[in-house]
Amino acid sequence: IRDVAGFNCGDTIVKPIFKPKYYKGAFKKTDTIDRQMEGISDFLGKKLRRMPITWDCGNLVTNGKIGIVTERVLTDNPHLHKLDITAIIQEFLRIKPIFVPEAANDPLAHVDAYMSFINEKTAVVSKYPDNWFDDDRQYVGNLKSLLIEQDIEVIDVCDNPEDKFYCGIPSAKGVFVNFIQINNHFLLPEYKFDTAHSSQDYNLEAKKVLRTFGKVLPINSDDLSKYGGVLHSISFCD
């Protein structure tokens, strides 16, 4: 839902064009998705404002002031200069975009797979096990450095990612930062892990981090995560 529906901005839905490159060959379906948002906005009683760039909306994490976006939005809009895309985002969403590289071997390039804001000055970022891919561990390390440069406090959330693909999409099992936050309540993904080779309780550790900021409501996401996203990916509450 998050990827295709647009940004829920008060009484307005800001709707970019949903034609990401990983959907190449199925653009008729994306056109249908875009048209359906008119009916959804009417049902919700919200205005629909079309945003003239191609952008799937899992590729944004924002604290209301800045927005972290991977450079996929630049490659999906080759006809526009980076300054033009920046200006469009600032005009429509009233945030300052900060572009970061895409993670290696990530076909979706969604930043909400790696981090989330808790509030304007605090973010949680994935921390991977020592035996996980070096590229991914370096990637989240670079994200942390960037956020610290923006005067954002960074808190690690230990992920335990699954090295599997379903229908060509990498599994999101073990990703905890893709949660839903509603005020001080957190809907947190929870997973069943094979504990034979690890004594670390990843579910408990993620809960401990978020309990510092509010009430945590765990939701089992084993099946949902097979499709490349978890709870933030299916929500439309920002």
Atom of [X], atom of [Y] and distance for their closest heavy-atom approach:
X	Y	result
Ala5	Met37	O-CE, 3.2 Å
Thr54	Asp76	CB-O, 3.7 Å
Val175	Ala113	CG1-O, 3.7 Å
Ile169	Gly228	CG2-CA, 3.6 Å
Cys9	Leu93	SG-CD2, 3.9 Å
Pro107	Pro170	CG-CD, 3.6 Å

Check your understanding: So Leu60 and Ile89, side-chain contact (heavy atoms from CB on, under 4.5 Å) or not? Walk me through it.
Key -> CA-CA 11 Å; Leu60 172 68; Ile89 292 173; over 6 Å; no
**Study point:** Member of Phe193, Phe176, Tyr128 meeting the ring-ring contact (aromatic ring centres under 6.0 Å, His included) criterion with Tyr202
**Key:**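 Testing Tyr202 for a ring-ring contact (aromatic ring centres under 6.0 Å, His included) against Phe193, Phe176, Tyr128 leaves exactly one candidate, Phe193.
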I'd like to know if the side chain of [X] reaches the main chain of [Y], judged simply by a donor and an acceptor atom lying under 3.5 Å from each other, with no hydrogens or angles considered.
X	Y	answer
Gln90	Pro97	no
Lys46	Gly10	yes
Asp84	Leu80	no
Thr12	Asn8	no
Thr62	Ile66	yes
Asn63	Lys65	yes
Asn178	His232	yes

Practice item. Using distance alone, with no hydrogens and no angle criterion, decide if Asp159 and Ser126 have a side-chain donor and acceptor under 3.5 Å apart. Key: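 Ser126 and Asp159 do have a side-chain donor-acceptor pair below 3.5 Å.
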Point to revise | Donor on one side chain, acceptor on other, Asn119 and Thr122, under 3.5 Å | key: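 Present: a donor and an acceptor within the cut-off.
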Are [X] and [Y] grouped together when hydrophobic residues (ILVMFWY) are joined by side-chain heavy atoms under 4.5 angstrom apart?
X	Y	result
Phe186	Val230	yes
Leu231	Val124	yes
Val157	Leu210	yes
Val125	Phe133	yes
Val216	Leu224	yes

Check your understanding: Is there a salt bridge (charged side-chain N to carboxylate O under 4.0 Å, His left out) between Lys144 and Asp156 once you walk through the steps?
Key -> CA-CA 9 Å; Lys144 288 173 63 175; Asp156 290 333; 3.0 Å; yes
Less than 4.5 Å apart, any side-chain heavy atom of [X] and any of [Y]?
X	Y	result
Lys208	Leu204	yes
Val69	Val111	no
Cys57	Asp3	no
Ile88	Met51	yes
Lys47	Ser41	no
Val100	Leu146	yes
Asn184	Phe213	no
Pro129	Asn160	yes

Could [X] and [Y] be called an ion pair, given the rule that one side-chain N must be under 4.0 Å from one carboxylate O?
X	Y	value
Lys15	Asp34	yes
Arg50	Glu38	yes
Asp31	Lys19	yes

**Study point:** side-chain contact (heavy atoms from CB on, under 4.5 Å) partners of Asp222, counting only residues at least two apart
**Key:**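 If we apply the side-chain contact (heavy atoms from CB on, under 4.5 Å) test to Asp222, skipping adjacent residues, the hits are Lys173, Tyr191, Lys192, Asn220.
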Check your understanding: According to the salt bridge (charged side-chain N to carboxylate O under 4.0 Å, His left out) rule, which pairs have a member within residues 175-190, sequence neighbours left out?
Key ->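 Non-adjacent pairs meeting salt bridge (charged side-chain N to carboxylate O under 4.0 Å, His left out): Glu190-Lys207.
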Check your understanding: What pairs meet the salt bridge (charged side-chain N to carboxylate O under 4.0 Å, His left out) rule with one or both residues in residues 97-121, with sequence neighbours excluded?
Key ->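 Of all non-adjacent pairs touching residues 97-121, those that pass salt bridge (charged side-chain N to carboxylate O under 4.0 Å, His left out) are Arg72-Glu102, Lys121-Asp151.
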Exercise for review: Applying ring pair (Phe, Tyr, Trp, His ring centres under 6.0 Å), name anything that partners Phe18, two or more places apart in sequence or on another chain.
Suggested key: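 In terms of ring pair (Phe, Tyr, Trp, His ring centres under 6.0 Å), with neighbours along the sequence ignored, Phe18 is linked to Tyr23.
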Point to revise | NZ or CZ of Arg49 within 45° of Phe92 ring axis and under 6.0 Å | key: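 Relative to the ring axis of Phe92, which defines the angle, Arg49 lies inside both limits.
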Exercise for review: Only one of Lys21, His110, Arg2 passes side chain to side chain donor-acceptor pair (under 3.5 Å) with Asp56; say which it is.
Suggested key: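 Only one option passes, and that is His110.
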Practice item. Kindly state each residue pair satisfying ring pair (Phe, Tyr, Trp, His ring centres under 6.0 Å) with at least one member in residues 45-71, sequence neighbours excluded. Key: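 Output for this query lists Phe7-Trp55.
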Check your understanding: Pairs in or reaching into residues 136-162: which pass ring pair (Phe, Tyr, Trp, His ring centres under 6.0 Å), with residues at least two apart or in two chains?
Key ->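 Residue pairs with at least one partner in residues 136-162: Tyr114-Tyr139.
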